[in-house]
Amino acid sequence: MHIRRLVPVLLGLALLAGAAAPVLAQDDDPGVLTWIAYSKVQSGKMDAAVAMALENAEFMDGLMADGTILGWGMATPINHDPGDLWNYVEWVHLTDWDKVDAWVGAVMGWMQSMDAETKAAMEARAKEIFVDGSHHDEVVRHSVGRFGVPDGARPHV
């Protein structure tokens with residue numbers, strides 16, 4: 001009687017372990033991660049949102065040059081629904097969770113290095129551009145990806 005109960009339990013554990021193996025393997029080698037930040041830009045303020053992000057280009061390019069991040073960018077949807085919660089997205093590609101920590105640390109350090117007046121001006125400007133409370137983030141793990149710029153192609157800036 002005990003064996004009849006034990007066999008289904010062992011089979012269930014074996015199936016669970018088999019199903020968990022790919023997930024656990026992903027944790028060992030997560031592949032490229034992308035942090036994505038969604039926001040809603042006020043009507044007529046898209047150029048201002050892009051300009052504000054481009055002001056950070058030198059800082060972000062420096063993080064690419066030192067290997068902290070693989071790449072970064074921003075985009076707006078071409079097709080959308082008026083009820084969409086976002087109309088602007090920024091992203092950063094990173095090799096692993098350690099690089100996420102390094103990137104977040106670099107951003108926090110950069111922001112802490114700003115004087116109070118500069119930070120206040122940046123926050124006020126962001127409040128004019130972005131819909132309050134619309135920002136949300138997610139991190140995705142790439143199952144397949146190709147990074148880099150193909151020969152002859154240029155990133156648009």
Side-chain angles (χ1 to χ4, degrees), residues 18-157:
V23 172
L24 295 174
Q26 283 182 346
D27 287 342
D28 291 340
D29 182 18
V32 173
L33 301 170
T34 298
W35 167 85
I36 306 168
Y38 300 94
S39 298
K40 186 145 190 156
V41 174
Q42 302 277 1
S43 180
K45 299 285 186 174
M46 191 60 71
D47 288 344
V50 171
M52 189 172 182
L54 286 175
E55 290 170 10
N56 304 327
E58 185 177 339
F59 173 74
M60 297 298 286
D61 288 345
L63 294 176
M64 279 180 59
D66 74 13
T68 302
I69 65 174
L70 293 173
W72 65 277
M74 69 193 95
T76 58
I78 292 173
N79 59 331
H80 56 86
D81 182 280
D84 286 345
L85 300 177
W86 63 274
N87 60 4
Y88 176 84
V89 63
E90 293 185 42
W91 69 86
V92 175
H93 298 302
L94 305 122
T95 56
D96 55 41
W97 289 109
D98 289 336
K99 293 295 185 179
V100 172
D101 289 342
W103 169 65
V104 169
V107 171
M108 297 302 287
W110 177 58
M111 293 183 79
Q112 289 173 351
S113 73
M114 294 178 190
D115 61 58
E117 188 177 301
T118 302
K119 272 195 250 185
M122 190 166 63
E123 287 174 13
R125 189 169 164 211
K127 284 185 179 198
E128 291 176 7
I129 295 171
F130 297 98
V131 173
D132 191 40
S134 69
H135 179 90
H136 62 283
D137 300 314
E138 68 181 354
V139 177
V140 298
R141 180 189 321 243
H142 294 254
S143 299
V144 176
R146 181 174 166 200
F147 297 89
V149 179
D151 290 344
R154 273 183 40 149
H156 178 71
V157 178

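Just so it is clear, the model here is predicted, and its values are computed rather than measured. The basis for the numbers below is simple: all heavy atoms, side chains too, and nothing from hydrogens, waters or symmetry mates.
Residues in residues 98-129 take part in these ring pair (Phe, Tyr, Trp, His ring centres under 6.0 Å) pairs, two or more places apart or across chains: Trp35-Trp103, Phe59-Trp110.
The two residues Lys119 and Met114 make their nearest non-hydrogen contact at CE-O, 3.5 Å. Of all the heavy atoms in Met52 and Ile129, the pair that sits closest is SD-CD1, 3.8 Å. Here the closest heavy-atom approach between residue Leu54 and residue Met74 is recorded as CD2-CE, 3.8 Å. Of all non-hydrogen atoms in His135 and Ala37, the two that sit nearest each other are CE1-CB, 3.4 Å. Across all non-hydrogen atoms, the minimal contact from Met46 to Asn87 is CE-O, 3.3 Å. Scanning all heavy atoms of the two residues, the minimum distance from Leu94 to Thr68 falls at CD2-O, 3.9 Å.
In this structure, CG on Asp98 lies 6.5 Å from CG on Asp101, to the nearest 0.5 angstrom. Note: Leu33 CG to Arg141 CZ = 6.5 Å, rounded to the nearest 0.5 Å.
Looking at heavy atoms from C-beta onward, Met60 lies in side-chain contact with Val92 at the 4.5 angstrom threshold. Residues Val139 and Ile36 form no side-chain contact, since every pair of their non-hydrogen atoms from C-beta on lies 4.5 Å or further apart. A 4.5 Å side-chain heavy-atom check between Leu70 and Met64 finds every atom pair outside the cut-off. Phe130 has its side chain out of reach of Lys45: every pair of non-hydrogen atoms, C-beta onward, lies at least 4.5 Å apart. Gln42 has its side chain within reach of Val131: a pair of non-hydrogen atoms, C-beta onward, lies under 4.5 Å apart. Taking 4.5 Å as the limit, some side-chain heavy atom of Glu55 sits within range of a side-chain heavy atom of Arg125. Contact of the Trp72 side chain with the Leu63 side chain is not registered, since no non-hydrogen atoms from C-beta on lie closer than 4.5 Å.
A donor-acceptor pair under 3.5 Å links the side-chain atoms of Lys99 to the main chain of Gly67, judged by distance alone.
Under 3.5 Å, the side chains of Glu90 and Tyr38 contain no donor-acceptor pair of N or O atoms.
The neighbour count for Met122 CE, taken as heavy atoms of other residues, nucleotides or ligands under 6.0 Å away, is above 12. A 6.0 Å sphere centred on CG of Asp66 holds more than 12 heavy atoms belonging to other residues, nucleotides or ligands. In this structure, Asp47 places its CG atom where only 12 or fewer heavy-atom neighbours from other residues, nucleotides or ligands lie under 6.0 Å away. Heavy-atom contacts from other residues, nucleotides or ligands closer than 6.0 Å to CD of Glu58 number 12 or fewer.
Screening Ser39, Pro77, Ser134 for a side chain to side chain contact (heavy atoms under 4.5 Å, CB included) with Trp86, the sole residue that qualifies is Pro77.
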Any chance you could lay out the side-chain contact (heavy atoms from CB on, under 4.5 Å) test for His142 and Thr34, step after step, and finish with the verdict? CA-CA 8 Å; His142 294 254; Thr34 298; 2.4 Å; yes
